[in-house]
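Data first, discussion second: the structure below is written as structure tokens.
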Amino acid sequence: VQLQASGGGLVQPGGSLRLSCAASGGTTSNVDMAWFRQEPGKERRFVAAIRRGGGGTYYADSVKGRFTISRDNAKNTVYLEMNSLKPEDTAIYYCAAKTGGRIILTAIQQNWAYDYWGQGTQVTVSS
């Protein structure tokens, strides 16, 4: 599976962006998908995840109520709708996929649980 993330950019505080993660070489309907982000000098951290087969969605506390993860299996694409953006949301955003067996719930926020990663897209929130 190859993942291509896009949609990042520069936005003012309070603004919105929608990130896309297009998958090729596989189908998103059979994989668990997630978004992580990484600030300079910091480790990559979980943002949101969506389980395969119409399963649940999960969010980091810092983005709950502001971000929404969704998928369009017909387009093999997962989205991250980001609203009410804050300067602390500035980071490189990565999409990730877990093929094979489902991720256990306790691991859904862990980097090591995912076996495919996109190249990242920069999001900068600044006035």
Side-chain angles (χ1 to χ4, degrees):
V1 176
Q2 292 183 322
L3 304 175
Q4 179 73 39
S6 61
L10 173 64
V11 63
Q12 292 187 341
S16 299
L17 279 175
R18 188 177 78 159
L19 305 184
S20 299
C21 177
S24 59
T27 173
T28 55
S29 62
N30 295 331
V31 301
D32 299 321
M33 301 288 294
W35 289 94
F36 287 75
R37 65 187 183 187
Q38 187 169 23
E39 301 166 61
K42 296 187 178 180
E43 63 181 19
R44 195 172 299 184
R45 295 189 294 179
F46 172 78
V47 176
I50 185 166
R51 299 289 285 267
R52 68 190 70 186
T57 56
Y58 307 87
Y59 298 93
D61 288 343
S62 59
V63 306
K64 277 181 184 176
R66 301 188 298 123
F67 290 13
T68 303
I69 188 170
S70 63
R71 66 200 307 159
D72 183 339
N73 291 331
K75 295 182 178 180
N76 275 343
T77 301
V78 172
Y79 302 99
L80 185 68
E81 186 76 35
M82 306 186 295
N83 298 312
S84 302
L85 283 162
K86 305 175 182 179
E88 51 264 43
D89 294 318
T90 295
I92 299 174
Y93 283 71
Y94 297 90
C95 59
K98 171 64 173 69
T99 60
R102 288 164 64 94
I103 297 178
I104 60 173
L105 193 55
T106 52
I108 207 160
Q109 298 191 20
Q110 305 302 319
N111 288 274
W112 51 258
Y114 298 85
D115 44 20
Y116 292 95
W117 292 83
Q119 86 288 0
T121 184
Q122 176 71 48
V123 172
T124 303
V125 185
S126 175
S127 55

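At distances below 3.5 Å, at least one donor-acceptor pair connects side-chain atoms of Arg51 with backbone N or O atoms of Ile103. Side-chain atoms of Gln119 do not come within 3.5 Å of backbone N or O of Gln4 as any donor-acceptor pair.
Rounding to the nearest 0.5 angstrom, the gap separating the CZ atom in Arg44 from the CH2 atom in Trp117 is 5.0 Å.
Open room surrounds CD on Glu43; 12 or fewer heavy atoms of other groups in view lie less than 6.0 Å from it.
Applying the under-4.5 Å side-chain rule to Ile, Leu, Val, Met, Phe, Trp and Tyr, the cluster around Tyr116 extends to Val1, Leu3, Val11, Leu17, Leu19, Val31, Met33, Trp35, Val47, Ile50, Tyr59, Val63, Phe67, Ile69, Val78, Leu80, Met82, Leu85, Tyr93, Val123, Val125.
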Checklist entry - Between Arg52 and Lys98, is a side chain to side chain contact (heavy atoms under 4.5 Å, CB included) present by the stated rule, with each step listed? => result CA-CA 9 Å; Arg52 68 190 70 186; Lys98 171 64 173 69; 4.3 Å; yes
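Within the 4.5 Å cutoff, the side chain of Tyr79 has no heavy atoms near those of the Thr68 side chain. Here the side chains of Gln122 and Leu10 are not in contact, with every heavy-atom distance at 4.5 Å or above. No side-chain heavy atom of Ile108 sits less than 4.5 Å from a side-chain heavy atom of Asp32. Between Thr90 and Glu39 the shortest side-chain heavy-atom distance does not fall below 4.5 Å.
Aromatic ring centres of Tyr58 and Phe46: separated by at least 6.0 Å.
Shown here are the ring pair (Phe, Tyr, Trp, His ring centres under 6.0 Å) partners of Tyr94, two or more places apart in sequence or in another chain: there are none. Listed by chain and number, the residues in a side-chain contact (heavy atoms from CB on, under 4.5 Å) with Ser62 are Arg37, Ala60 (sequence neighbours excluded). The side-chain contact (heavy atoms from CB on, under 4.5 Å) test applied to Gln2 returns Ser24, not counting sequence neighbours. Scored by the salt bridge (charged side-chain N to carboxylate O under 4.0 Å, His left out) test, Glu81 finds no partners at all (sequence neighbours excluded).
For the pair Asp61 and Lys64, the salt-bridge criterion is met [side-chain N within less than 4.0 Å of a carboxylate O].
Annotation: disulfide (SG to SG under 2.5 Å) contacts involving residues 92-127, sequence neighbours excluded, comprise Cys21-Cys95.
Looking at every heavy atom in both residues, Ser84 comes nearest to Ser16 through N-OG, 4.4 Å.
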